[in-house]
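To start, the structure itself, in structure tokens.
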Amino acid sequence: PRVRRQRQMCIRDSNGIDGIMSLAAADGLDLATTSDIVTDAITAFGLKASDSTHFADVLAKASSSANTNVSMLGESFKYVAPLAGAMHYSVEDVSVALGLMANASVKGSMAGTSLKTALSNLASPTDAMAEVMKKYKISMTDANGEALPLIDVIKELRTKFSGLSETEQTAAASTLFGKEAMSGMLAIINASDKDFNTLVKNIDNADGSAQKMADTMQNLSLIHISEP
């Protein structure tokens with residue numbers, strides 16, 4: 001489509017192409033597919049073409065730190081990015097959520113749809129959902145009524161659900177997130193503190209990851225070619 005071509009040309013002019021090329025090389029994807037993943041996501045998040053390299057780094061680090069790959073993460077972002085962007089959530093926080101889901105084998109479109117549904121329910125709950133949020137003191141805003149960053153919403157869910165029995169968790173998650181989204185959200189909620197903190201730290205320090213992964217892949221290819 002013409003609009004996509006214009007966005008890709010804009011990225012090329014803004015040196016964002018370097019990060020996209022590194023990301024493509026790191027995951028073995030073709031450049032056009034990788035460019036589509038990045039351009040679609042940065043548009044949904046309201047980012048600039050110059051943010052392409054940083055987004056590529058976040059995607060590279062998230063894919064290498066969780067049980068997923070760039071292609072599946074890109075598929076997840078396609079479903080959740082428009083809503084997450086509208087809610088002013090960061091690419092990093094969304095990547096943490098999707099990475100934790102992926103570690104529990106909730107990936108691709110399933111992960112993206114699950115997170116989108118959960119965020120939508122939390123932001124505009126039905127009476128039954130609002131009752132669960134009230135019961136467990138779950139809020140999307142701080143004491144001043146300001147929207148919390150997604151990472152703080154995730155931390156709150158993990159804290160509030162941690163003291164519940166498995167039966168209570170299932171009942172609350174089923175009502176709050178719906179049967180389709182609950183497995184992905186429970187994966188986020190029940191991930192160990194170690195896995196959660198490690199993924200957050202890795203993604204927060206993602207800059208340069210796409211290039212490093214591309215270099216590693218190139219070195220492995222050279223070793224393979226040089227082998228007798």
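In terms of modelled atom types and a separation under 3.5 Å, the side chain of N69 and the main chain of S71 share a donor-acceptor contact.
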- Task: Start with the C-alpha distance between V96 and I188, add both sets of side-chain angles, then the distance that settles side chain to side chain contact (heavy atoms under 4.5 Å, CB included), and finish with yes or no.
- Result: CA-CA 9 Å; V96 168; I188 293 173; over 6 Å; no
- Item | Criterion side chain to side chain contact (heavy atoms under 4.5 Å, CB included) on S192 and D195, from CA distance to verdict | CA-CA 5 Å; S192 71; D195 287 349; 3.2 Å; yes
- Message: As a quick check of understanding, evaluate side chain to side chain contact (heavy atoms under 4.5 Å, CB included) for E131 and D127, giving each step before the final call.
- Response: CA-CA 6 Å; E131 193 61 36; D127 289 345; over 6 Å; no
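Counting heavy atoms from C-beta outward, L115 and Y79 have side chains that stay 4.5 Å or more apart. Residues L150 and V94 have side chains in contact (heavy-atom distance under 4.5 Å, counting atoms from C-beta outward). Looking at heavy atoms from C-beta onward, I138 lies in side-chain contact with L176 at the 4.5 angstrom threshold. Counting only heavy atoms from C-beta outward, the side chains of L148 and M140 never approach each other to under 4.5 Å. With contacts defined as side-chain heavy-atom distances shorter than 4.5 Å, the pair V91/I203 does not qualify. You'll find the side chain of L122 stays beyond 4.5 Å of the side chain of M129, heavy atoms only. Between M101 and K107, the closest side-chain pair of non-hydrogen atoms is not below 4.5 Å.
K116 pairs by the salt bridge (Lys or Arg N to Asp or Glu O under 4.0 Å) definition with nothing, not counting sequence neighbours. Looking at residues two or more places apart in sequence or on another chain, you find no salt bridge (Lys or Arg N to Asp or Glu O under 4.0 Å) involving D30. Under the ring-ring contact (aromatic ring centres under 6.0 Å, His included) criterion, F55 pairs with F77, sequence neighbours left out.
Between atom CD of residue E156 and atom CG of residue D142 there is a gap of 10.5 Å, rounded to the nearest 0.5 Å. Atom OG1 of T39 and atom CD1 of I20 lie 6.5 Å apart (nearest 0.5 Å). Atom NZ of K155 sits about 15.5 Å away from atom CD1 of I189, to the nearest 0.5 Å. The distance from atom CG of L119 to atom CG of L83, rounded to the nearest 0.5 Å, is 5.5 Å. Within the model, atoms CZ of F177 and OG1 of T117 stand 11.0 Å from one another, a figure rounded to the nearest 0.5 Å.
Considering every non-hydrogen atom in both G112 and L98, the closest pair reads N-CD2, 4.2 Å.
One side chain, T141 or S139, offers a donor N or O that lies under 3.5 Å from an acceptor on the other.
Other residues, nucleotides and ligands place no more than 12 heavy atoms under 6.0 Å from the CE atom of M110. Atom CD of E180 has 12 or fewer heavy atoms from other residues, nucleotides or ligands within 6.0 Å.
Here E75 pairs with K78 in a salt bridge; the nearest charged N to carboxylate O distance falls below 4.0 Å.
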